[in-house]
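Step one of this worksheet: look at the structure below.
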Amino acid sequence: MTPESTPAPRWIGTSWKMNKTLAEARDYAQVLAAALQDRPHLTSRLKPFLIPPATALAAVRQQLDDAGGPGAEIPLGIQNAHWEDAGSWTGEISVPQALDAGAEIIEIGHSERRQHFGETAEITGLKVRAALRHDAVALLCIGEPEQIRDADRTTEYLLEQADAALGGLSQHQLSRVLIAYEPVWAIGPEGRPAAPDELTGAFAALHQHYGHTVKALLYGGSVTHSNVAALLTVPHVGGLFIGRAAWQPHDFIQLLELAAETPHLTHP
């Protein structure tokens, strides 16, 4: 394979959500850093990333940096950040504060944020622009509920969500965006794993509109060791955003191994 045809590394990451103490987070980072040191092929073929809780962000960054090697290159994210840089926003964290604590990625618009905390399309747009204003990577989560899927409106719904957050951005700005498609019906402990053929239409539409400008299109939703390879062979899937299946370091390492072993297929 010539350098010109070498595929881009797949983004494989996990959000720990509201889990892990400082000690647990440090232990995870230590185990992961040691594994990556022994398995250089993982970081040559993949772009692993972690999104710990905000309380553990700086500790995980320090642990990975102290370990050195490939672990020091792992980008970290924050699960939420405000659109203002500073001010009277009790309980919130700004993008500059997140970056100061070690984040490079700002997760925006997860369905749990939309459902439980009233995060609207307007708010996702403001947060995307705040992230990009400070040269962070914006990880925009989109996904349809079951009733939208059953009404055969998935593609329309996803593009509306994406366009509401990303509309008006330049190609340069979009080049710092990751889009994670996470069907609401496929996430969480009650989620149903999606069959690959259920995802092809959504990724074809996202690729047509954004695939040539954003960093990558990711899939998330009931990702497990048994379906990693199948999900990565869906046309235009450039990585995975994994939940509970990656919350233990050895499980995440195994998932990285499976992703690294999955061949890149050529799609039109």
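FYI, side chains are in, hydrogens and waters are out, and symmetry mates aren't considered; it's all heavy atoms of this structure. Nothing here was measured: the structure is a model prediction, and the numbers come from that model.
Classification of the His236-His207 ring pair by plane angle, with boundaries at 30° and 60°, yields parallel.
Atom CG of Asp38 sits in a crowded spot, with more than 12 heavy atoms from other residues, nucleotides or ligands closer than 6.0 Å.
The backbone N or O of Ala131 sits nowhere less than 3.5 Å from a side-chain atom of Trp83 that would complete a donor-acceptor pair. Asp27 places no side-chain N or O within 3.5 Å of a backbone atom of Pro249 that could act as its donor or acceptor partner. With Gln30 contributing its side chain and Gln63 its backbone, the two residues share no donor-acceptor pair below 3.5 Å. Counting only distance, with no hydrogens or angles, the side chain of His110 and the backbone of Glu112 share a donor-acceptor pair below 3.5 Å. Side chain of Arg129 to backbone of Ala165: a donor-acceptor contact under 3.5 angstrom is found.
Every residue was checked against the side-chain hydrogen bond (donor to acceptor under 3.5 Å, both in side chains) condition with Tyr157, not counting sequence neighbours, and none meets it. With sequence neighbours excluded, no residue satisfies side-chain hydrogen bond (donor to acceptor under 3.5 Å, both in side chains) with Glu122.
The residues Glu119 and Lys127 are annotated as salt-bridged, a charged nitrogen and a carboxylate oxygen being separated by less than 4.0 angstrom. A salt bridge does not link Glu107 to Arg113: none of the charged side-chain nitrogens sits closer than 4.0 Å to a carboxylate oxygen.
Note on Trp89: it clusters hydrophobically with Ile123, by side-chain heavy-atom contacts below 4.5 Å among ILVMFWY residues.
Here the closest heavy-atom approach between residue Thr124 and residue Ala121 is recorded as OG1-O, 2.7 Å.
Looking at His41 and Glu257, their side chains do bring a donor and an acceptor atom within 3.5 Å of each other.
The shortest side-chain heavy-atom distance between Leu140 and Leu178 does not fall under the 4.5 Å cut-off.
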With side chain to side chain donor-acceptor pair (under 3.5 Å) as the criterion, how do His209 and Asp163 come out once you've worked through the C-alpha distance, each side chain's angles and the decisive distance to 0.1 Å?
CA-CA 9 Å; His209 284 78; Asp163 293 347; 5.7 Å; no

